[in-house]
Amino acid sequence: MTAPADPDPLAALRASVLAAAEGLDGAGGGRATLERPPKPELGDYSTNAAMLLAPALAAPSREVAERLRDALRGSLGSSAERIDVAGPGFVNVFLSDRWHREATASLLAAGDRLGTGRPERPLRVLVEFVSANPTGPVTVAAGRGAAYGDSVARLLELAGHEVEREYYLNDAGTQVRLFAESIAARMRGDEPPEGGYAGEYVAELAGELAARGASGDDLDDLGRRGTEAMRERIEATLERFGVRFDSWFSERRLYAAKLIDAAIAELRERGHVFETEGAIWLRTTEFGDDKDRVLIRADGEPTYFAADIAYHRDKIERRAERLVTPLGADHHGYIPRMRAALAALGVDPDRYEAPIMQLVNIVEGGQRARMSKREGDFVTLDELIDDIGVDAARFFMVQRSHDTAFDLDLDLARSASQDNPVYYVQYAHARLASILRKAGAGGAGGGGDEAAFAVSAADESSLAAAAEPAERALLRRLLELPGEVRTAAERRAPHRLIAYAMATAADFHAFYRDCRVVGAERDTEAARLGLCVATKRTVATTLGLIGVGSPERM
RNA sequence: GCGCCCGUAGCUCAGUGGAUAGAGCGCCCGCCUCCGGAGCGGGAGGCCGCAGGUUCGAAUCCUGCCGGGCGCGCCA
């Protein structure tokens, strides 16, 4: 019974462990983990299942572990070389040469679909991100949201979900009016109004718009032209950053299509709307919010919240099953009311997810750059890219959990550009490319022959077993990719990929040190070249998820 | 005052119940007749904020406290 090229050998191994645990008739085995022991001498993989089962079986965990070990000996057969019980009841598995050979073959058979997931139930996910007001350039803070949101979108796609990237354009309302007034003031040669936009770009924009015949008297027109000009700039910046949207959803469209009225009508119909003090309110306290919220102000204008309800209702009507909406930390107080609004519409609020983006401080010369858009005193994403490049910018911004505020030290990012972590990973990729070129597997004219080579190497019978510890360590690392992608996608945690990429690069460098590839004995060379091909694809895939390039040469 | 987030090595941060807590940077010591030294190996450096609790086992879960960030508008 050969099951060659199992698409995910680790998943298969985990399934065997779970099946064996279930066979012991205890409850609670479902939470069992399959992980790597802290020391390689302890085994290739380890499970804690016995300790979880012990209470239900009313038996000492060591004893349960021994029974589990016996069951696994039967089910794993020749895949396992040895199975131990250790410590309080860990079951440690040492896998055989055969298993390693099959695992290598499976990596190569996966081709460029490496890491691709197939969830039990693929979801339609709408990732709305950046959504910065079109009243100024993209700031670094918004850039972090862009890097994060785009990586989450890429992750969800690779994990097998259907993803739409959307930018919500606040091209209506108070801020746009202020923006228009600021432009008009500059056209007259005046200072912008109190609370207006003081940035130099406003003056430049005023000049451009005047040259194109815009009038300083028509604020609606100025607002429209001004926000459209900024939108184009924003789009260009994000494009440069490697971020592209499937759709730009205009707030103005909500008004034009009477979607706000429709949303409020539905809320009223469902009995959650009331009027007092001349305003129209939504009773969000009924759904866990700590105070009720205004939908229509006493002056008759809908609030931002009302527009946002209409927008999210529209997302639901477009059949989005999950609404992933990274928000700046200063908006986190907004989440309970949005959840309440969705609940009031009869929508499960858990479909709405708002990961909170904590601050990123740009530090230069030991000082924090200020980033107030209205005061025009900020670092733009374009400036950051000019400074440290797209790859470093995306790598650094995704490196840390979205939930953690961190300092991005420009001096460090610049001066470290030789020893930058991003180059560490990219260097591994370039080195791999070089080895494959040397071996003739990369082909002189490009990577075309690499795939053909991989296919021929995917026949496990031609491969030597990975015998060296460094080979096995690298192989096991590569096998983790599907699980890493799944976990990172589920947790909306692309920063895990950085850690994985670094670990993969480190394992590769150790392998490179210990294992001669080109010129090794025939089966060994084939196996090692196969490992190189798979490693190169793994690194490229992982970096690709972060939007970082994988150079063939550096 | 209330709510959310954070507190882990000198610095920036990983680690959402497992074995002796990790990475990068910085510091110290080694390694290029050999597939790329943008690399590798070794070392120093930790009351995982504090105090209780839960359990076979806690950086991880619960409670309280201390410290920091961000919110608490008929602004967006």
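Order of the sequence lines fixes the chain letters, A, B, ..., with proteins taken first and strands second; residue numbering starts at 1 for each chain.
Where A:D514 and A:A172 meet RNA chain B, the nucleotide closest to each residue was compared, and A:D514 sits on the side nearer the 5' end. Heavy-atom nearest nucleotides on RNA chain B were determined for A:A506 and for A:Y334, and the one closer to the 5' end corresponds to A:A506.
Using a 4.0 Å heavy-atom criterion, one finds that A:A430 contacts the bases of the nucleic acid, with or without backbone contacts as well. Across all strands shown, A:C532 has no heavy atoms under 4.0 Å from either base or sugar-phosphate atoms.
Base-pair partner of B:G1: B:C72 (Watson-Crick or G-U wobble, both distances under 3.5 Å). Nucleotide B:G37 forms no Watson-Crick or G-U wobble pair with any nucleotide shown, as no partner meets the under 3.5 Å limit on both distances. Nucleotide B:C27 has B:G43 as its partner under the Watson-Crick or G-U criteria, with both atom distances under 3.5 Å. If you check B:G52 for Watson-Crick or wobble pairing at under 3.5 angstrom, you find it paired to B:C62.
Look at the C1' atom in both B:A14 and B:G30: the space between them is 29 Å, to the nearest Å. One P atom belongs to B:G42, the other to B:G24, and the distance between them is 12 Å to the nearest Å. Distance check on atom P: B:G68 versus B:U8 gives 14 Å, rounded to whole Å. On the P atoms, B:G49 is 15 Å away from B:C13, given to the nearest whole Å. The separation of B:G15 from B:A9, taken at their C1' atoms, amounts to 14 Å, rounded to a whole angstrom. Going from the C1' atom of B:C48 to that of B:G17 covers 16 Å, rounded to whole Å. Nucleotides B:G22 and B:G45 place their P atoms 15 Å apart, quoted to the nearest Å. Nucleotides B:A23 and B:G39 are separated by 16 Å at their P atoms, to the nearest Å.
OP1 or OP2 of B:A76 has at least one side-chain nitrogen or oxygen of A:R297 nearer than 4.0 Å. Regarding contacts with the backbone of B:G41, a side-chain N or O of A:R513 is found under 4.0 angstrom from either OP1 or OP2. Residue A:Y512 places none of its side-chain N or O atoms closer than 4.0 Å to OP1 or OP2 of B:C32. Within the structure, every side-chain polar atom (N or O) of A:K291 is placed at least 4.0 Å from both OP1 and OP2 of B:C2.
A straight line from OH of A:Y424 to P of B:G36 spans 17 Å, rounded to a whole angstrom. The distance between atom CD of A:E525 and atom P of B:C35, rounded to the nearest whole Å, is 15 Å. Protein atom CG of A:N170 is 12 Å distant from nucleotide atom C1' of B:C75, rounded to whole Å. Here B:C25 presents its C1' atom at 15 Å from CD1 of A:I498, a figure rounded to the nearest Å. The interatomic distance linking A:L359 (CG) with B:C6 (P) rounds to 14 Å, in whole Å. In this entry the distance linking CZ of A:R337 with P of B:C75 reads 12 Å, nearest Å. Taking atom CD of residue A:E277 and atom C1' of nucleotide B:G73, one finds them 13 Å apart after rounding to whole Å. Rounded to whole angstrom, the span from the CZ atom of A:F508 across to the C1' atom of B:A38 amounts to 13 Å.
The CD atom of A:E521 sits 4.5 Å away from the OG1 atom of A:T524 when rounded to the nearest 0.5 Å. To the nearest 0.5 Å, atoms OG (A:S151) and CZ (A:R496) are separated by 14.5 Å. Note: A:L529 CG to A:T535 OG1 = 11.0 Å, rounded to the nearest 0.5 Å.
Looking at A:L543, A:I546, A:V548 one by one, the single match for side chain to side chain contact (heavy atoms under 4.5 Å, CB included) with A:V425 turns out to be A:L543.
In the set B:C35, B:C74, B:G36, the nucleotide with an atom closest to the side chain of A:V518 is B:C35. Closest to the A:Q175 side chain, of the nucleotides B:A76, B:C40, B:G36, is B:A76. The side chain of A:A298 lies closest to B:C74, out of B:C35, B:A76, B:C74. Closest contact between the side chain of A:R431 and the listed nucleotides B:G36, B:C34, B:G24 involves B:G36. Comparing atom distances between the A:S434 side chain and each of B:C75, B:C35, B:C70 picks out B:C35 as nearest.
Heavy-atom distances under 4.0 Å link RNA chain B to A:A329, A:D330, A:H331, A:H332, A:G333 of residues 323-333 of chain A, given in residue order.
Although no hydrogens or angles enter the test, the distance criterion places a donor-acceptor pair under 3.5 Å between the side chain of A:D44 and the main chain of A:L95.
Taking the six-membered ring where tryptophan is involved, the planes of A:Y352 and A:H312 are perpendicular, since the angle between them exceeds 60° and thus also 30°. Ring planes of A:F179 and A:Y197: perpendicular class, angle over 60° (limits at 30 and 60°). Ring orientation note: the planes of A:Y427 and A:H509 are close to parallel, at an angle under 30° on the 30°/60° scale. Using bins of under 30°, 30° to 60° and over 60° for the plane-to-plane angle, the ring pair A:H402/A:Y148 lands in the tilted bin.
Residues A:N170 and A:Q175 are not in side-chain contact: their nearest non-hydrogen atoms beyond the backbone lie 4.5 Å or more apart. Inter-residue side-chain proximity for A:L432 and A:Y512 is flagged as unmet; no heavy-atom pair is nearer than 4.5 Å.
Annotated as syn: B:C32, whose glycosidic dihedral is within 90° of 0.
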Taking protein heavy atoms under 4.0 Å as touching, what does nucleotides 11-19 of chain B look like 5' to 3' if B marks base contact, S marks sugar-phosphate-only contact and - marks none? -BSSSB-BB
Take A:E228 and A:R224 through the salt bridge (charged side-chain N to carboxylate O under 4.0 Å, His left out) test and state the conclusion after the steps. CA-CA 6 Å; A:E228 177 51 24; A:R224 247 190 309 278; over 6 Å; no
